[in-house]
Protein chains: 2
Amino acid sequence: MERLTVTLGERSYPITIAAGLFSDSASFGPLKAGDQTMLVTNETLAPLYLDKVRGVLEQAGVKVDSVILPDGEQFKSLAVLDTVFTALLEKPHGRDTTLIALGGGVVGDLTGFAAASYQRGVRFIQVPTTLLSQVDSSVGGKTAVNHPLGKNMIGAFYQPASVVVDLDCLNTLPARELASGLAEVIKYGIILDGEFFNWLEENLDALLALDGEAMAWCIRRCCELKADVVAADERESGLRALLNLGHTFGHAIEAEMGYGNWLHGEAVAAGMVMAARTAQRLGNFSEADVQRIIKLLQRAGLPVTGPKEMSADAYMPHMMRDKKVLAGELRLVLPLAIGKSEMRGGVPHDVVLSAIADCQQA
Amino acid sequence: MERLTVTLGERSYPITIAAGLFSDSASFGPLKAGDQTMLVTNETLAPLYLDKVRGVLEQAGVKVDSVILPDGEQFKSLAVLDTVFTALLEKPHGRDTTLIALGGGVVGDLTGFAAASYQRGVRFIQVPTTLLSQVDSSVGGKTAVNHPLGKNMIGAFYQPASVVVDLDCLNTLPARELASGLAEVIKYGIILDGEFFNWLEENLDALLALDGEAMAWCIRRCCELKADVVAADERESGLRALLNLGHTFGHAIEAEMGYGNWLHGEAVAAGMVMAARTAQRLGNFSEADVQRIIKLLQRAGLPVTGPKEMSADAYMPHMMRDKKVLAGELRLVLPLAIGKSEMRGGVPHDVVLSAIADCQQA
């Protein structure tokens, strides 16, 4: 079992990573007999895990209600959020309830924002079931829903009480979702840890084969990197923004193509190549390193070009709504080397447009 | 000019109270030339104040966009909140924008929650235009929208950067709204400050006549009392709950009658009498003090009984969704004397029902 802590003073919380966690009520952090909970999951995961988790919690004396959301990024909306509030109020659940987010990034982000806002804030536990949510979205307290005009535009910084990563969930994860998670894994190597990138080059096949030991270490390393960043900069005034490598481009793809058509990790993969090409055009990043990134993403089964139906010009209106925009100026996370990156403002738009065009499908 | 501070460490902020503040850009706190703002107001207030405030800010070099909401408690909803997000994203506004809430409690609560959630949090300024929002809802960082199943159920604790109280606004306030604000004013006397209650008994006529000096002192005293409570207990783990005197009953009236039919202060006025009657039935509060409360509320033009179409039984389902409910148990703020109150759990429901029945319209 891997165990680490996100260090945030009184709001510090543990991340537990192991197989078989769903079979033990002790996995579910601060919950105790008599607690009231609302388990939020989606229609794909409910048949797989809902009865199991409910069973182990109820056996421990925890009261479990549940709400089952439709599955997909397009449902990470204010309207679906409202159905969670309605479920909570119909019972009703008090300010001492605990929300449990059992699912991927959509369930985790939406449930986290529900917990942040219900009665101005109740406790919640992240139980991420996809690789992407295990290595990224479940850790660090960024919660949100989408707006038709921009991804994650409505949300809160709100930390969970614990994160429970059961590796067994990956056995039921579709290959495309696994690849999407690997995009965020590879991101950590590019922005923060060149040695980890090397390790990924050597161990990607083991990860794709769901080798338990490799996967446990990989998830632990990503969570460690993220926990350190979040502890240093919870509200993204500086360092934390580096975790957005590829996301400004990627969010544009997701919004333009319609949420759910490109998976988040797929859009981020193409976006990271665009960021690398931008850095290369600015003279800060080598062609050899661009190729290392492209090759690793391709081995993971990820796209390295944008959607062919999307022109470079179509990216800009979305990118100008990015949360990193300050005083109307676009700011981008750009790699400086494999393992090192920076936030950069003032990049000429024609350089960005050319870099996007570099990554257009032929 | 009256000026005081809500003391919350790095998030401390000033409250400025005077006539004529809208004529001076210096009133609008930390805003400076070049800042981007979104002024949120409603269709009743826009013709009265929007051009004036926009003009003074634009003259100081502040960029002002605006969004005009429909007027009424029934529009304090997730759907109307979404129109604010859409307005912000259409321009677009970045994370460095400032929202300005120009209006009463509905505009302030909704705009505050929009500021708390837009891009996970942007700056906002409260410019309360009603007595109720000037003495209560604009101070302390409680932001929220309503859910059909409960008032203020979706929100955040999120503090403004400043509060700007222009006394001239009261000149355009309908008499019913003025009375509604006086309900919250009287509340402060009952729960925290017997001397202030005495002062109100002596000066109510001056307040009803909008005497400038009396009104400035009254608003200052209420803001002081509230600022002290908020500084001691920002997230309502104890003391702050006392500010809810009458609100558990009052919210039930508002929800059952349909938001906007009973004004918030009207419902709180009737609710405070119900709380006083509950305390009296428990042997903790005298008939003479109940009568002092009833008399002062009546002089202010406020109801002291519940809606005649609402039976005592109709209150309970609403009251059990109150945010003070813990482990399924109703908790009520009850007066112990004029100027002293307590939070109390375990009050038998039949006592509460009898107290409500005491306050039924004949």
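This is a predicted model, so every value here is computed, not measured. Here is the naming used below: chain letters follow the sequence lines, and residue numbers restart at 1 for every chain.
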Pairs of heavy atoms under 4.5 Å with chain A: top-ranked of B:Val325, B:Thr86, B:Asp35, B:Asn152:
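Counting heavy-atom pairs under 4.5 Å, the top option is B:Thr86.
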Please look at [X] and chain B and tell me whether the side chain, the backbone, both or neither of the residue comes under 4.5 angstrom of a heavy atom of that chain.
X: A:Ala327; value: both
X: A:Gln36; value: neither
X: A:Lys324; value: neither

Spell out the residues in residues 88-97 of chain A that have some non-hydrogen atom less than 4.5 Å away from a non-hydrogen atom of chain B, in order of number; otherwise answer 'none'.
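Within residues 88-97 of chain A, the residues under 4.5 Å from chain B are A:Leu89, A:Glu90, A:Pro92, A:Gly94, A:Arg95, A:Asp96.
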Close side-chain approach of A:Glu236 to B:Arg120, heavy-atom, < 4.5 Å
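A:Glu236 does not reach B:Arg120 side chain to side chain.
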Geometric class of the B:Phe85/A:His147 ring pair [parallel <30°, tilted 30-60°, perpendicular >60°]:
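Judged by the thresholds at 30° and 60°, the geometry between A:His147 and B:Phe85 is perpendicular.
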Most contacts with chain B, counted as non-hydrogen pairs under 4.5 angstrom, among A:Arg235, A:Arg321, A:Met320, A:Gln119:
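With the most close heavy-atom pairs to chain B, the winner is A:Gln119.
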Contact winner vs chain B - A:Pro317, A:Gly121, A:Gly328, A:Ser117, heavy-atom pairs under 4.5 Å:
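Heavy-atom pairs under 4.5 Å are most numerous for A:Ser117.
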